[in-house]
Structures are given as structure tokens and as C-alpha cells.
*Asks:* 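Have a look at the structure that comes next, please.
Protein chains get the first letters and strands the later ones, always in sequence-line order, with residue 1 at the start of each.
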Amino acid sequence: MTKRPRVRFAPSPTGGLHLGGVRTVLYNYLFAKKNGGDFVLRIEDTDQSRYVPGAEEYIFNCLDWVGLTPDESPLHGGPFGPYRQSERKPMYRQYAEQLVKAGHAYYAFDTPEELEKMRQDFKTEQNPSPQYDHTLRMKMRNSLSLSEAETQQLLDSGTRHVIRIKMPEQETISFTDMIRGEVSFDTSLVDDKVLLKADNMPTYHLAVVVDDYLMQITHAFRGEEWLPSAPVHILCWKYLFGLDQMPQWAHLPLILGPNGKLSKRDGAKYGFPVFAMNWTDPKTNELTEGFREKGFLPEAFINLLALLGWNDGTEKEIFTKEELINAFSLDRVHSAGAKFDYEKAKWFNHEWIKNADASALKPVVKTILEEKGLTVNDEALLEKVIGLVKDRCTLLPDFYEQAGFFFQRPAVLDTESVKPKWNDAKNLFFAEVIRNFELSPVWEAHELEANFKEIAAANKIKPGEVLMPFRIMLVGGKFGPHVFDIAALLGKEETIHRIKNALSLFA
RNA sequence: GGCCCGUUCGUCUAAGGGCUAGGACACCACCCUUUCACGGUGGUGAUACGGGUUCGAAUCCCGUACGGGCUACCA
């Protein structure tokens, strides 16, 4: 009986894909998959002046990276195409005309200059931004204020014009939002929004209802910033297709930055990514950093986004995509905006790295090490190294700091931490360690540690005095996993080489 | 200015009339660790305010304050 759910994400390809955008995709996707429905991606490219080359492809790459693949899209096709609004251009005018004929919309001939003049002329302290609404429309040049003959004449002569919705004067529009419940608006306070632009492209307001209808969308999710224009869309639905055809709406809470709606500026200012992946503005060449390049795992990214405004009612916080699909429900989405906390975001990533199998991490870690100029030719070693250090990596590039010394001898050693307390006894001790290691038949961490400590005891040296120098010999500084684990993985030859080399520097 | 939405630790949140208001991040302390992390234990820390309704309100209602969004031939 109930229709198969169809949801859609409708970005405009004007730049990088924002955190909030990805979360909207995610909630759409989760809802669709949870309820056995379809997830449609539609490109809202009705503003030709804002066309940005590469932005659409970028969006697809982002979705690919996070693994939220649409069932229908300009790229994947589907039975309701085309999925790019610019390619649907011829469809829209008839609906706008239909509204004019029914008396719900009208032609408006005002030029941008005239509109600007109106805004200036009627601007007062009480009303800083005058609207093109029922109080003003008879003072403007449109098919309501002009005679039929004048209107026809303007139309016939090909005068540039738009079609505006005629908002009723005394009506209350209300609907039930899936997240915030009953919401209502007084139509006398809403302006006569443009539905069809002078270039025959629809505005968002017309396009969203026409396309949602034509694409048989059952549930429409979007950011809360759209709430104020909901009455326009609802009226269009009512006049064009009937309210019983209208999808159910859910206005998602906003993701906030330190001051208001999170913007890419916030990212630059406070040092965290806002876009899913790196985005370079083709005009300015300005690069905005993305979560992927910052070193986030896509699974972690999805996970942290899901929990920004939603929870399953338990204390569980780490979810795989499948678990999210299973647990997701819109009525557990918060209605209040959520401030983005980068520290918590990093914690999610750390959890995912810690819990990941070393083998699963191997390809991406290898890429990172190689990008930093290291050569990795022993895959088995790499896997062991990852297993050893992943607990201390929060972001993927941390693997370079934590594991780089396995693949490259440390360029500089922290000799200052050793030299002041260095003496002949230690020299002799390490000489003996070298002899012992050279003869050691087995090369294994516990064995090495036992031998090391035996030699220390025999030389009346406390292990604590030589452990740190040993570490610095191998890794260059005071960091890394257990020294003997490091030595074990480094191998006999390399370990001894590093001891000898360091000895010459410490003396 | 107008309209709309919102308000529980610094942050993300749980608790849909009945508990010492719970968890997580961050922070602090201790333990583990002869490095740094991981891990473990504990701690600091919140119902914006004022009125109702009720035997009883974080929870329901009203007002105030504060925050956010919108107010384009942009989405």
C-alpha cells in the first residue's frame, strides 16, 4: 500500500561539497536504504551565472569517496531523467503559465533597476528590506497592475519578464515537518517569489516542486535554511499537483561553526576542513582543504556526520554504514542546530584507525608514505608496522611521523637528550650489545630485551639509563612503540647499523 | 525591522511528568608504561530566566532573554 520511498539530494554545482551537504546526502541515503527505497541525485544548475566548471564532477567524486552512491543521477542514469535541471529547461514554463492562467501567478516586467529603486524607495527603519508582496505589487509593472491589453502588448513585443507567484493575502499555510512537527506561516508576510526567470529558467522554488513531482519523490529532506520558503513550495504543490501528492518534508538542523552557519571561511580561520575533499576554485585558484586529504577515513567521516544531530538512543557511537542503515530513523534527528567540534571529529577518526585491520589500512598508508618520499618495498613489513603504530595515529598522515623511521634512517638524532649523560660505561655497554646482537641466533623482541637487560645488569647499568639512548639511536627521538618491537622489525643488520652510527655521534 | 526555527555540562547528546539529570569529546588527577600513545580508575562541569498546570516538572502551556536561519530573476 505504502509507496516505495524515493528521496533526493539536489546540490547546486557551485563549489566544494560542504559538511552539511554530505550529512544531508547521508540522511537521504540512510532513509532510502533503511526503507528499501531509491536515492536520487539531481543537479540544481538553474543559475547559469553561477556555473563552476568541475563542481559537478567533484560532487560525484565526493559521493564516491564516502560510498554513498545514488541509484539515479546524471551519471548513473535512471527512468526519471534528465537529472540535470538545465537539461529540463523546456519543462518548466508550462507549469508557470498554468499558474498564471489559474490566477495564482502573474507576469512581472520590472527591470533589475526598477526593483532596486523600489527597495530604496520603500526602505524605512521599520522595514529595512521591502518585499515584492501584496502591499507593493500594484505599484509595480506586472499583469496585475497593468491592463490586459498592455500586458499582452508587452508580451507580444518580447519584453523580458518573469513569472511571480501571487501570495494569497489572508491564509495560513501549515504542514507537518517530520523533525519539528507542525509549522505554520501567514501568507500575507511572504513575498511574491519569482518562479520563472527572464531566461526561462525556473528558480529553485518552481524547479523543486516540478521535479519532485515528476521524479515521484516521496520524502524531501533539506537544510533548515529552506524553512522560510516552504510556504511558497507548498502553495505550488497545492495549485499544481495537489497536496495529497506532496512529499513529506523534513528540515534538517544546521551545522554551525563558531559563529553561525558553518562556512568554508570558518575552516580556514580555525584550522579544520569543511569540505569533503580538497576543492580548488577554478577562478581564484584558492584551495580549500578537505577531510579526505586531511587524513580522515571515509567510514569515520560518515560516522561522525551521522552522529552530528542524530543518535540511536543508546550510548553507541561507533557505527559502520550498515549499522547506520539499520539504526537510522528520522524521528531521532535533533531539531536544534549542532556546533561542529573538530576535536570530537578527530576522535572518531582515531577510533576507526585503531579498530581497522592493518591490512585494510595498508594501501592508504602506503600512499601517504610514498607521497612523503619514502620507498616501501616490503608489504609484509608495512603491515606489521601499521599494526604496531596505529593506536597512536589520529589522522592518516600521523603514520609518517609514527612509522617513517622503519623505512628511512632518521635524518637527525636527538643527541642533546643523550650527550650530557653519556660516558664510557655506556659506550662499552653498547659495544657489548652489538657483539651480542651480532651473535644472536633469534631476532625477536622478547629475546632482545632479555639479552639487553642481562648485559646491563652485568655492567651494573640500570636499564633506564640506556633504554632512552637506544630508542634515540633507532628512531631519532623520544617517541614510538616499544623499542624492542622496533628493533625486531628493523632487523639485525639495520639495528646494529643504527647503533654504530649513533655511537659515533654521541661520543 | 519582520517572519520562522531553536535553547540540558565548553562541545555532541540521553532522560518523551516521578532517579544522586546518564554517556561521549575536551580538560585535570592517579594507575599502567624505564619514551610517546593506547588502556584503566576517578574528578571538574548543564536543565537560560520568570510565571503557570500538576501531589510531582529538564519534560506540558505562556511570556522574556539569548542563539540561529530567511528576508535576490542564488541555491
*Asks:* Distance check, P atoms only: B:C49 and B:U59, in whole angstrom units.
*Replies:*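 B:C49 and B:U59 have their P atoms separated by 11 Å.
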
*Asks:* In whole angstrom, give me the gap between the C1' atoms of B:C38 and B:G50.
*Replies:*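 One C1' to the other, the span is 49 Å.
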
*Asks:* Heavy atoms from C-beta onward define the side chain here; which of B:A15, B:A37, B:U71 lies closest to that of A:K193?
*Replies:*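 Looking only at heavy atoms from C-beta outward on A:K193, the closest nucleotide is B:U71.
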
*Asks:* Which nucleotide wins on minimum distance to the side chain of A:K339, given the candidates B:A75, B:C25, B:U11?
*Replies:*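 It is B:U11.
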
*Asks:* Starting at the 5' end of RNA chain B and moving along, which residue's nearest nucleotide shows up first, A:E225 or A:H205?
*Replies:*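 Nearer the 5' end of the strand: A:E225.
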
*Asks:* Looking only at atom C1', what distance separates B:G23 and B:A14, rounded to whole Å?
*Replies:*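 Result for the C1' pair: 7 Å, nearest Å.
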
*Asks:* Between C1' on B:C4 and CG on A:D191, what's the gap in Å once rounded to a whole number?
*Replies:*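 Rounded to the whole Å, the gap is 14 Å.
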
*Asks:* With rounding to the closest Å, how many angstrom separate the P atoms on B:U47 and B:U41?
*Replies:*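 Comparing P positions in B:U47 and B:U41 gives a spacing of 28 Å.
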
*Asks:* Could you check which of B:C73, B:C38, B:C74 has an atom nearest any side-chain atom of A:P112?
*Replies:*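 Nucleotide nearest to A:P112's side chain: B:C73.
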
*Asks:* Closest to the A:N311 side chain: B:C74, B:U7, B:U13?
*Replies:*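 The answer is B:U13, which lies nearest to the side chain.
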
*Asks:* Of A:R392 and A:E125, whose nearest nucleotide on RNA chain B comes first from the 5' end?
*Replies:*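 Between the two, 5'-proximity favours A:E125.
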
*Asks:* When you measure from the side chain of A:S129, which nucleotide among B:C5, B:U13, B:U71 comes out closest?
*Replies:*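 Nucleotide nearest to A:S129's side chain: B:U71.
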
*Asks:* Where the side chain of A:L256 is concerned, which of B:G68, B:G6, B:A75 is the nearest nucleotide?
*Replies:*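 Of the candidates, B:G68 comes closest.
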
*Asks:* Anti or syn, where syn is a glycosidic angle within 90° of 0; which label fits B:C12?
*Replies:*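 Because its glycosidic torsion lies more than 90° from 0, B:C12 adopts the anti conformation.
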
*Asks:* The side chain of A:R164 lies closest to which of these nucleotides: B:A15, B:C73, B:C70?
*Replies:*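 Among B:A15, B:C73, B:C70, the one nearest the side chain of A:R164 is B:C73.
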
*Asks:* Can you tell which of B:U34, B:A24, B:U35 lies closest to the side chain of A:K344?
*Replies:*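 Ranking B:U34, B:A24, B:U35 by closest atom to the A:K344 side chain puts B:A24 first.
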
